[in-house]
Amino acid sequence: MDYNFQQIEKKWQKYWENNKTFKTPDDLTNPKKCYVLDMFPYPSGAGLHVGHPEGYTATDIYSRYKRMKGFNVLHPMGWDAFGLPAEQYAIQTGTHPSITTRNNCDTFRRQIKELGLSYDWDREINTTDPKYFRWTQWIFIQLYNTWFDNTLQKGRPISDLEIPENIKKLGKNEVAKYVDSLRLAYYDNAQVWWCPSCRIVCANEEVLNDGSHEKCGNRVEKKNLRQWMLRIHHYAERLLTGFENLDWPEGIKDMQRNWIGRSTGAEVDFGIQGLDSKLTVFTTRPDTLFGATYMVIAPEHKLTEIITTDACRDEVEKYVKATSLKSDLDRTDLAKDKTGVFTGRYAINPVNNKPIPIWVADYVLTGYGTGAIMAVPAHDTRDFEFAKKFNLPILCIQDPDVTDNDQKKRILEGNECWTEDGKYINSSDTSTGIDINGLNKEAGIKKITDWLEKKNLGKAKVNYKLRDWLFSRQRYWGEPFPVIHWEDGEITLLEEKELPLQLPELEKYLPGESGESPLANADKWLHVTDSKGRKGRRETNTMPQWAGSCWYYLRFIDPGNDEMIFDKVKEKYWMPVDLYIGGAEHAVLHLLYSRFWHKVLFDLGIVSTDEPYQKLFNQGMILAFAYESETGMKIPADQVLERDGKFYHSENGTELRQIVAKMSKSLKNVVNPDDVTSKYGADSLRLYEMFMGPLDVTKPWDDKGVKGVFNFLGRTFRFFANSENIFTGNEDPEILKGLHHLIKKVEGDIENLRFNTGISAMMIFLNLAMKKGKVSYETALTFSKVLAPYAPHLAEEIWQLLGNSRSLTYEPWPAFNEEYLKEDNFEYPVSFNGKTRFSILLPVSATKEEIISAVLADERAVRWLDGKTPSNVIVVPNRIVNVVIKN
RNA sequence: GCCCGGAUGGUGGAAUGGUAGACACGCAGGACUUAAAAUCCUGUGGCCAUAACGGCUGUGGGGGUUCAAGUCCCCCUCCGGGUACCA
């Protein structure tokens, strides 16, 4: 009998579909539940590539295993289908994005089904479905109607917000302003990239490194537009501490920590000569105030214009304008050569009342801290660079902890920057009474901060890099905001019962001239009038793609619910997600954004857990072989010939080097899973994806490697499908030992997501069984169950051939029996001074003394001792013997 | 620059501080076949060596800890990913 994978796989896929084998159980009384989630894909026109099934296979194995362990498993799939490509295709061809999206989803669904993944397809969701995004809009309304209570560190309904009396007095408008200033969703000016030639807003990804638009090559500019923003920064601290107890890779936690970027320091107020206002800076080193010899404010800083003196105005204005035209990259490129101009104005250093010049420079960013810094060139490398270039004074205030006298001298003279610890010098002033000389960094920070607070000149402050989230896009293909802007300036949101607000049909998907979303062209949709005849205009921005993916895991719990976002009882049962697997590219943004929404929903009592994802795992990227010539030119894979393990250019015959690179269209090294399944079958694809190496590392795809697992599956089928190899009766002890070792190994490996070694254990067992020639009926049943999570089609087929009529999906996972694993003897490796020389078979029950005497009595030991007496013999029971000889 | 990973045969990889190279690919030889494919069997880190044995060496480089290091510590090199002046 041959391994006809095509027939087998088609047959079982049909069986599973017809029997709804993977339908999520409705019974919510089973205390064992497991919610296994994949990062759902964006259904691109190119279809699935082999990177997708890597994570999907891992979660599928885990889900199938958990079902056999008696868990209620929720394992759903859906589509994150809003996005730019469908919209751009619409601009080019006029095809409505919903049509493109539907086609792409159909392709993805077909491809995924052909992999035999055990999703509950009744729960399929699509972020572009109005029945879905109705609730995305609903969540936006909740965000809009929530404020963050700093004392409680918690989001609360706007209805709970107390309006201060002094604001109430100012009237309705001021009250509304006050409330708006606290909402988690707010409407404000924000900068976007704008291509003046295409008259379109560009995403960051569309702007090339040289500041040009990737589509037309023209230079993009920054443009201010009214945008929706979300106040994620309020949640910085909770986002930082929230994952401490979650089972996430440390690397991902680190990346999120860095992204949130908590730093402690102080805000310090500097007076400004000749002006009434104050210049506030944030610093992590208030202890270095005595070393502050100048100040820098960001070009975009509110005070720039006010501070600048008439004599310097031209220069400063020119500089500010030049900065605004620079792309972020230009700004960082020039990092090596700092730029800036003097404002003509001086600030007063609060510790000694000395005037220091205020400069404008683009190395200070408006979005972080207060947008202004005090510069301490002696102890900050950036300030040092700047001071050197513009000949500003450098005053060393810390005696450096260095032994090199030359270096010490350079530092003390201000010719080298010192950023480490040391005792303070030059850090006292009799007029203000502060003195930290002689202290070290930690004590210095404390003393100065206390002094500043006492004198009301500043305060201890925690700062975060995390900035508010720009939450609108000037696009058609996204969730419309349920928002109306009225002619009198009022903004209102739609009522819950008015949702979903659907997208209008359009003739053209091009944006408006001013940078407005294409929705501005939908006249009928756009204009509204209320019952009193007041005219209004709908919000024309749409939500970013993140919106749909921020909460999809919640909708899977109750996808068909038309009454509410989901049923509370079901949510309480299924949440949190027990295992979440996806690419590391979402390590920061998606995970941070969805955690933020989840925390708001938690604060509002809508969800029952503070964090959504209990265990997170990131699969590594799958790369592919690519080829390059001696000069490093990349050659498409279809122009490469292989001869005797070497690679040649098919056109000019030159030898090429095989390298490993990301799959890309231009290298023609993209592997399509359809090609693999048609040649080797879905089980082989699944197995190979898992056999390639550990799930979390990047690894190259090698078509040749698929053969290995294909051979294994073929051998498995031929062995177990042949009734001559199966007998009834007692199993051979060696097989029994191998089988129970296998169960234990595979079980442990699935629990720890180490799928590659589980497969090799199955191969080892099959090799043993084939060597023995026969296995018992019981063994065959057990083996098919162990194989089932990995290669479900083949496992079902063998299970059926063994006489079972029902699917083995819910068969209990076999229990391993330690008794069978026990050994009578152990072959001790014997080493001399750590080098293994021979091995000796001894009973596992042997005592240390017995082992030592048996080893030393061995003639080979006599030879290695060479007449010397061992100074020590290390015996690790059932592991190793090491004889130590001192020379 | 900074942060996070990583480096093991021709290749993908395995190895709770305890026999390095499991398992597989590839390759070589053999069986079957008119032949090929498929399948099955044997061998396969390198070097030396044998009738058979056996020995030396070996996890990017250099130090260290240990009875024992691919694994732990320090320094260096190279590769991959992330990030961009965060005060």
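In the text below, chain A, chain B and the rest are named by the order of the sequence lines, each starting its count at 1.
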>> Would A:K771 and A:E734 count as a salt bridge (Lys or Arg N to Asp or Glu O under 4.0 Å) here? Give the steps.
In response: CA-CA 11 Å; A:K771 205 161 240 168; A:E734 207 183 329; over 6 Å; no

>> Quick check on B:G61: syn or anti? Syn means the glycosidic torsion is within 90 degrees of zero.
In response: anti

>> Tell me which nucleotide, if any, is Watson-Crick or G-U wobble paired with B:U83 when both distances must be under 3.5 Å.
In response: B:G1

>> Between A:V884 and A:R754, which residue's closest nucleotide on RNA chain B lies nearer the 5′ terminus?
In response: A:R754

> Partner of B:C78 by Watson-Crick or G-U wobble geometry, both contacts under 3.5 Å, or none?
Replying inline: B:G6

> Which whole number of Å gives the distance between the P atom of B:G45 and that of B:C53?
Replying inline: 15 Å

> Considering only the C1' atoms, how many Å lie between B:G26 and B:G13, rounded to the nearest integer?
Replying inline: 14 Å

>> Distance check needed: B:U83 C1' versus A:Q256 CD, whole Å only.
In response: 15 Å

>> Side chains of A:S263 and A:N463: any donor to acceptor distance under 3.5 Å?
In response: no

>> What is the distance, to the nearest angstrom, from the CZ atom on A:R257 to the P atom on B:U83?
In response: 18 Å

> What does B:A69 pair with, Watson-Crick or G-U, if both distances are under 3.5 Å?
Replying inline: none

> Hey, are A:Y828 and A:S839 close enough side-chain-wise for a donor-acceptor pair under 3.5 Å?
Replying inline: no

> If you check the A:N767 side chain, which of B:A87, B:C85, B:C23 turns out closest?
Replying inline: B:C23

>> Between A:T836 and B:A20, is there a contact of a side-chain N or O with OP1 or OP2 at under 4.0 Å?
In response: yes

> Are A:N618 and B:G81 close enough that a side-chain N or O sits under 4.0 Å from OP1 or OP2?
Replying inline: no

> So does A:K835 get a side-chain nitrogen or oxygen closer than 4.0 Å to the phosphate oxygens (OP1/OP2) of B:U19?
Replying inline: no

> Between B:G12 atom P and A:D702 atom CG, what is the distance in whole Å?
Replying inline: 9 Å

> Taking the same atom, P, in B:C75 and in B:C2, what whole-Å distance lies between them?
Replying inline: 13 Å

> A:M690 CE to B:A14 P: how many Å, rounded?
Replying inline: 13 Å

> Counting just side-chain N and O atoms, does A:N756 come under 4.0 Å of either OP1 or OP2 of B:A14?
Replying inline: yes

>> Say we look at B:G9 and B:G43: how far apart would their C1' atoms be, to the nearest angstrom?
In response: 15 Å

>> From CG of A:D703 over to P of B:C25, roughly how many Å is that when rounded to an integer?
In response: 15 Å

> Is there a donor in the side chain of A:R718 and an acceptor in the side chain of A:N725, or the other way round, less than 3.5 Å apart?
Replying inline: no

>> Whether A:S263 contacts B:A87 is assessed here as follows: a side-chain N or O lying under 4.0 Å from the phosphate OP1 or OP2. Is that the case?
In response: yes

> Would you say the side chains of A:Y688 and A:D703 form a donor-acceptor pair under 3.5 Å?
Replying inline: no

>> Between P on B:C86 and CZ on A:F282, what's the gap in Å once rounded to a whole number?
In response: 12 Å

> Can you find a side chain N or O atom of A:N711 that sits less than 4.0 Å from OP1 or OP2 on B:C25?
Replying inline: yes

> Across the strands shown, which category fits A:T283 at heavy-atom distances under 4.0 angstrom: base, sugar-phosphate, nothing?
Replying inline: sugar-phosphate

>> In whole Å, measure the gap between the P atoms of B:U71 and B:G63 for me.
In response: 14 Å

> Do you know which two heavy atoms are closest between A:L687 and A:I759, and how far apart they sit?
Replying inline: O-CD1, 3.4 Å

> For A:A761 and A:P700, take the nucleotide of RNA chain B holding the closest heavy atom to each; which residue's nucleotide lies nearer the 5' end?
Replying inline: A:P700

>> Only pairs with both distances under 3.5 Å count, Watson-Crick or wobble alike; so what is the partner of B:G45 in this structure?
In response: B:U57

> Touch check for A:N258, heavy atoms < 4.0 angstrom, all strands: base, sugar-phosphate only, or nothing?
Replying inline: sugar-phosphate

>> Let's test your reading of the model: under 3.5 Å, does the base of B:U16 pair with the side chain of A:R879 as donor and acceptor?
In response: yes

